[in-house]
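Reviewing the structure listed below.
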Amino acid sequence: RSRAKLVAPLGCLASRQKHTLPDLPYDYGALEPHINAEIMQLHHSKHHATYVNNLNVAEEKYKEALAKGDVTAQVSLQPALKFNGGGHINHTIFWTNLSPSGGGEPKGELMEAIKRDFGSFANFKEKLTAVSVGVQGSGWGWLGYNKEQGHLQITACANQDPLQGTTGLIPLLGIDVWEHAYYLQYKNVRPDYLKAIWNVINWENVSSRYASCKK
């Protein structure tokens, strides 16, 4: 498959270009044994694709409502835009946060920031795991950057709420804890999935995101 660079999520509403499902930068089976190929294929080609398709539909309806000056319709479309737009944003980040050559620990500035803000990498890993395990129902665990305060921050978002749009934090690392991300392999034991996913975290990508948001 093509390994084209992932597209930027959510363009301008005025643009005629529709959102498209980004290609993965690795094969569906590349993250095994930690995340199996069946999960990756369904997660990417079905779940993420559905968010993209529904986002395009919602944006088209929103543009029509804007043209008509129909404020009621504009308001009623906000949940669909947030859910599907968030799903597209979150997953576009998630795929790049993972790598078959990932795992281990970050280096350089990111590692220094983690030690500064969490005491140690072990403490950081334990805290992000705990926050992700503790998400009630569906959602995401996140490592974000608080630009105003200049430090890293861990939090969780419900459903497909996008981190920056709902908390103001710049997303660095997202862990999907919707059941579709792990159930076929780990059943209802979310902690086992979270233990495994650390073996495929792409620290180069997370570090690059950190460097970019500090500029």
Side-chain angles (χ1 to χ4, degrees), residues 3 5-9 22 24-27 30-36 39-40 43-44 86 89-135 139-158 160-178 181-182 185-186 189-215:
R3 299 196 175 190
K5 187 180 291 185
L6 297 182
V7 297
L24 295 185
Y26 40 76
D27 294 332
L31 303 182
E32 291 187 343
H34 311 292
I35 305 177
N36 69 35
I39 286 176
M40 291 299 294
H43 198 173
H44 176 257
I89 289 170
N90 294 342
H91 285 88
T92 299
I93 295 169
F94 184 59
W95 306 134
T96 66
N97 277 168
L98 305 177
S99 170
S101 58
E105 299 182 0
K107 300 175 182 179
E109 280 193 87
L110 177 62
M111 186 58 145
E112 292 306 312
I114 286 173
K115 290 178 180 178
R116 179 196 67 209
D117 294 331
F118 304 107
S120 68
F121 179 76
N123 286 343
F124 154 72
K125 183 176 176 180
E126 181 179 358
K127 185 173 182 180
L128 181 53
T129 297
V131 166
S132 301
V133 168
V135 172
W140 292 72
W142 287 101
L143 170 67
Y145 180 65
N146 187 321
K147 194 153 190 171
E148 185 176 328
Q149 298 180 17
H151 65 71
L152 302 175
Q153 194 170 324
I154 287 172
T155 192
C157 289
Q160 293 297 352
D161 290 2
L163 182 68
Q164 191 165 4
T166 53
T167 70
L169 299 175
I170 300 172
L172 304 179
L173 170 63
I175 299 179
D176 189 348
V177 290
W178 280 65
Y182 62 88
Q185 185 171 359
Y186 295 97
V189 190
R190 185 186 287 177
D192 285 355
Y193 158 69
L194 288 164
K195 183 178 179 180
I197 202 169
W198 289 102
N199 293 299
V200 289
I201 298 298
N202 184 354
W203 290 115
E204 288 187 10
N205 178 263
V206 182
S207 295
S208 176
R209 291 179 180 279
Y210 178 61
S212 294
C213 72
K214 287 186 67 184
K215 292 179 181 177

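In what follows, every heavy atom counts, from backbone to side chain, and hydrogens, waters and symmetry copies are set aside. Fair warning: this is a prediction, and the values are worked out from it, not measured in the lab.
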Side-chain contact, heavy-atom cut-off 4.5 Å: [X] with [Y]?
X    : Y    : result
V131 : W140 : no
K214 : Y145 : yes
P100 : V200 : no

If you compare all heavy atoms of [X] against all heavy atoms of [Y], which two are closest, and at what distance to 0.1 Å?
X    : Y    : value
I114 : S120 : CG2-O, 4.0 Å
P106 : F121 : CD-CE1, 3.4 Å
Q185 : I35  : OE1-CA, 3.4 Å
L169 : T155 : CD1-CG2, 3.9 Å
L31  : L98  : CD1-CD1, 3.9 Å
R209 : I93  : NH2-CA, 3.8 Å

Would you please test D27 and M40 for side chain to side chain contact (heavy atoms under 4.5 Å, CB included) and show each step?
CA-CA 9 Å; D27 294 332; M40 291 299 294; over 6 Å; no
Do W142 and T167 get their side chains close enough for a donor-acceptor pair, meaning under 3.5 Å?
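T167 and W142 do not have a side-chain donor-acceptor pair below 3.5 Å.
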I'd like to know if the side chain of [X] and the backbone of [Y] have a donor-acceptor N/O pair within less than 3.5 Å.
X    : Y    : result
N199 : G103 : no
T129 : K125 : yes
R190 : G134 : no
N97  : G174 : yes
N90  : G86  : yes
N202 : T96  : yes

Given the rule in the side chain to side chain contact (heavy atoms under 4.5 Å, CB included) test, do C213 and L172 qualify, once you have shown the distances and angles that lead to the verdict?
CA-CA 9 Å; C213 72; L172 304 179; 4.1 Å; yes
Above 12 or not: heavy atoms from other molecules or residues under 6.0 Å from [atom1] of [X]?
X    : atom1 : answer
K107 : NZ    : no
Q153 : CD    : yes
E109 : CD    : no

Apply ring-ring contact (aromatic ring centres under 6.0 Å, His included) to the pair W178 and H91, showing each step before the final yes or no.
CA-CA 11 Å; W178 280 65; H91 285 88; 8.1 Å; no
Check step by step if side chain to side chain contact (heavy atoms under 4.5 Å, CB included) holds for I175 and L128.
CA-CA 9 Å; I175 299 179; L128 181 53; 4.0 Å; yes
In chain order, what residues pass the side-chain hydrogen bond (donor to acceptor under 3.5 Å, both in side chains) check against Q164, with sequence neighbours excluded?
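Scan of Q164 (side-chain hydrogen bond (donor to acceptor under 3.5 Å, both in side chains), adjacent residues dropped) gives none.
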Rounded distance [0.5 Å steps], [atom1] in [X] versus [atom2] in [Y]:
X    : Y    : atom1 : atom2 : answer
M111 : F124 : CE    : CZ    : 9.5 Å
K127 : D117 : NZ    : CG    : 9.5 Å
D192 : H34  : CG    : NE2   : 13.5 Å
L173 : L163 : CG    : CG    : 10.5 Å

Let me see the working for I197 and Y182 under side chain to side chain contact (heavy atoms under 4.5 Å, CB included), right down to the final yes or no.
CA-CA 10 Å; I197 202 169; Y182 62 88; over 6 Å; no
For the pair H43 and F94, name the ring-plane relationship: parallel under 30°, tilted 30 to 60°, perpendicular over 60°.
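Geometry flag for F94 against H43: tilted rings.
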In terms of relative ring orientation, are H44 and W95 parallel, tilted or perpendicular, with 30° and 60° separating the classes?
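Judged by the thresholds at 30° and 60°, the geometry between H44 and W95 is perpendicular.
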May I ask you to check whether W203 and Y210 place their ring centres under 6.0 Å from each other?
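No - the distance between ring centres of Y210 and W203 does not fall below the 6.0 Å cut-off.
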